[in-house]
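Heads up, the thing below is written out as structure tokens.
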Amino acid sequence: MRVLVVGSGGREHALVWKLKQSPRIKQLFAAPGNAGIAELAECADLGASEVRRLADFAAKRGIDLTVVGPELPLTLGIVDEFESRGLRIFGANQRAAILEGSKVFTKRLMKKYKIPTGFFQTFYRVEDAKRYIQDVGAPIVVKADGLASGKGAIVCQTVKEALDAIKIIMEDRVFGDAGEKVVVEEFLCGEEASFLAFTDGETVLPMASSQDHKAVFDDDKGPNTGGMGAYSPAPVVTDEVHRKIMEQVMIPTVKAMAAEGRPYRGVLYAGLMIKGGEPKALEFNARFGDPEAQPLLVRMESDLLPVLEAVVDRRLHEVDIRWRPEPAVCVVMASGGYPGAHEKGKVISGLRAAARLKDVVVFHAGTALSGGKVVTSGGRVLGVTALGKDVPDAIARAYRAVEKIRWEGAHYRTDIGRKGLGRAA
Ligand code: AMP
Ligand code: GLY
């Protein structure tokens, strides 16, 4: 089989790494890929959002299955384009991807179908949003309606911060048209978890639980990023919490999408806040998480390909997934300045020494090859991922690898997995 992975981040490197182990795949392609992916797959010089050109490429190169990593091509309708040409593709179609593409849609869906979430209001006008914020007070969360690379949710501790957030999103349009509408929603406290499942529109097959670290600095300080690290499993998701997430969030959401005439296939990712054993949904994503995919795919013992095919062919009920019992931790190393402006082209050293460590995989995100050297080319640069016999061991292994890697300005959180440690110990 010939398989194409669309995207260029750590998640896509993890997908390529996992699919590389699949005995039925003879040739792997990625578009556009990165320096790490290029060691495992043939990279095509096509952007992840060049939907038509990607379909042309898949048709011409006889690709049997395309796997979509990022959200933007999903919301642009890559799945619809491929399917209209009879090309097999794994991912949510455009009507289903609205679950990630519009927070207004999703909050309304959750309200209509009684899926647990915080209270909220939608605003189209700055003055209305500001008046509401002054009425309800802080803490409060302000979110741009559309896609904003994981940065469009602003958690505000004071009314002033919330009013500023409205200005940034609706007036300054820092996130472009994504800020045409805003959702102002209840601040939920508790512990976060990411819950990902495969679904073919009927069967919902959960993956292992995981936890992201969204804030840029230790102790969840600083602005939100796309994710600075993740670990799996997330001990906050006990068996009982798992059952509630499936019964109250995942299955009802898949059913709700079907009832709305938007049948959902692909990966359904719920970002959850868990308090007192009760889950509430913060958001949904229509794809694998990044960096959650890195620890999850390292822990996945089963072949990934049959699962993806079963989703595409709508026979997911036939499939089961085995997970390695060992936990995995992924530490993201980022460019200096990320999530703000950052320089590119810094030479990265120590990659081979890190990758030689046992049970460590260094997934590339924003990397490129320049003059035979691996250089930085984005905000999140690497996802250094390790398996361990327990959480402390996985953390220690991941950081041992991180310490071998260097470039000018590199930064990373030093507390990835610590929350899991408290519970698991
Ligand atoms: P989102 O883009 O909706 O996932 O939000 C990004 C991050 O902001 C989440 O992972 C949470 O850490 C935080 N967040 C979002 N919504 C809320 C909320 N209602 N209450 C508290 N924190 C939130
Ligand atoms: N790690 C958060 C996300 O993938 O959206």
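Note that ligands are numbered from 1 as they come in the structure, with each ligand's atoms numbered from 1 the same way.
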- On the 0 to 90° scale, with breaks at 30° and 60°, tag the Phe217-His411 ring pair as parallel, tilted or perpendicular.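 Geometry flag for His411 against Phe217: tilted rings.
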- Task: Give me the ring orientation class for Tyr399 and Tyr412: parallel if the planes are under 30° apart, tilted from 30 to 60°, perpendicular past 60°.
- Result: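 Because their plane-to-plane angle lies in the 30° to 60° range, the rings of Tyr399 and Tyr412 count as tilted.
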- Item | Pair Glu260 + Lys112: basic N to acidic O under 4.0 Å |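 Salt bridge flag = yes for Lys112 with Glu260.
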Any side-chain heavy-atom pair of [X] and [Y] under 4.5 Å:
X: Val6; Y: Glu12; value: no
X: Leu304; Y: Phe198; value: yes
X: Pro139; Y: Cys156; value: no

Nearest neighbour of [atom] from the list [options], on a heavy-atom basis:
atom: atom 5 (O) of ligand 2; options: Arg380, Glu283, Arg287; answer: Arg287
atom: atom 16 (N) of ligand 1; options: Lys143, Lys103, Glu100, Glu283; answer: Lys143
atom: atom 18 (C) of ligand 1; options: Val183, Asp220, Leu147, Val141; answer: Val141
atom: atom 23 (C) of ligand 1; options: Val155, Thr225, Asn285; answer: Val155

Proximal ligand 2 atoms for [X], defined as those under 4.0 Å from one of its heavy atoms:
X: Pro291; result: 1 (N)
X: Glu292; result: 1 (N), 2 (C), 4 (O)
X: Gly226; result: 1 (N), 2 (C)

- Query: side chain to side chain donor-acceptor pair (under 3.5 Å) between Ser194 and Asp212: does it pass, once the steps are laid out?
  - Reply: CA-CA 7 Å; Ser194 302; Asp212 189 9; 5.3 Å; no
- Task: Select one of side chain, backbone, both or neither to describe which atoms of Glu186 lie under 4.0 Å from any atom of ligand 1, heavy atoms only.
- Result: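 Under 4.0 Å from ligand 1, Glu186 contributes backbone atoms alone.
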- Message: Test of understanding: given a 4.0 Å heavy-atom threshold, classify the contact between Asp212 and ligand 1 as side chain, backbone, both, or neither.
- Response: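 Asp212 to ligand 1: no contact under 4.0 Å from either part.
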- Say you draw a straight line from NZ of Lys18 to CG of Asp303; how long is it, rounded to the nearest 0.5 Å?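 Nearest 0.5 Å value for the NZ-CG distance: 6.5 Å.
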- Message: To the closest 0.5 Å, what do you measure between OG (Ser232) and CD (Gln294)?
- Response: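 Interatomic distance, Ser232 OG to Gln294 CD, rounded to 0.5 Å: 12.0 Å.
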- Task: Looking only at protein heavy atoms, identify the closest one to atom 5 (O) of ligand 1 and say how far it is in Å.
- Result: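 The protein heavy atom lying closest is Ala153 CB, 3.2 Å.
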- Query: atom 17 (C) of ligand 1: which protein heavy atom is closest, and how many Å away?
  - Reply: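 I find the closest protein heavy atom is Leu282 CD2, 3.5 Å.
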Please list, in number order, the atoms of ligand 1 under 4.0 Å from a heavy atom of [X].
X: Asn224; value: 6 (C), 7 (C), 8 (O)
X: Glu185; value: 16 (N), 17 (C), 18 (C), 19 (N)
X: Glu192; value: 9 (C), 10 (O), 11 (C), 12 (O)

Just to check, does [X] reach to within less than 4.0 Å of ligand 2 when the distance is taken from its heavy atoms?
X: Lys214; answer: yes
X: Gly289; answer: yes
X: Glu71; answer: no

- Query: Considering residues, nucleotides and ligands other than Arg314, do more than 12 of their heavy atoms fall under 6.0 Å from its CZ?
  - Reply: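 It does not: Arg314 CZ has 12 such atoms or fewer within range.
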- Any idea which heavy atoms bring Thr199 and Val311 closest together, and the distance?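 Result for this residue pair: O-CG1, 3.3 Å.
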- Less than 3.5 Å between some nitrogen or oxygen of Leu188 and one of ligand 1, yes or no?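 Yes - when backbone and side-chain N and O of Leu188 are compared with those of ligand 1, one distance drops under 3.5 Å.
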- Could you tell me whether some N/O pair between Arg11 and ligand 2 is separated by less than 3.5 angstrom?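 No, no N or O pair falls under 3.5 Å.
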- Message: Are Phe123 and Tyr132, when compared by the centres of their aromatic rings, separated by less than 6.0 Å?
- Response: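 Ring centres of Tyr132 and Phe123 closer than 6.0 Å.
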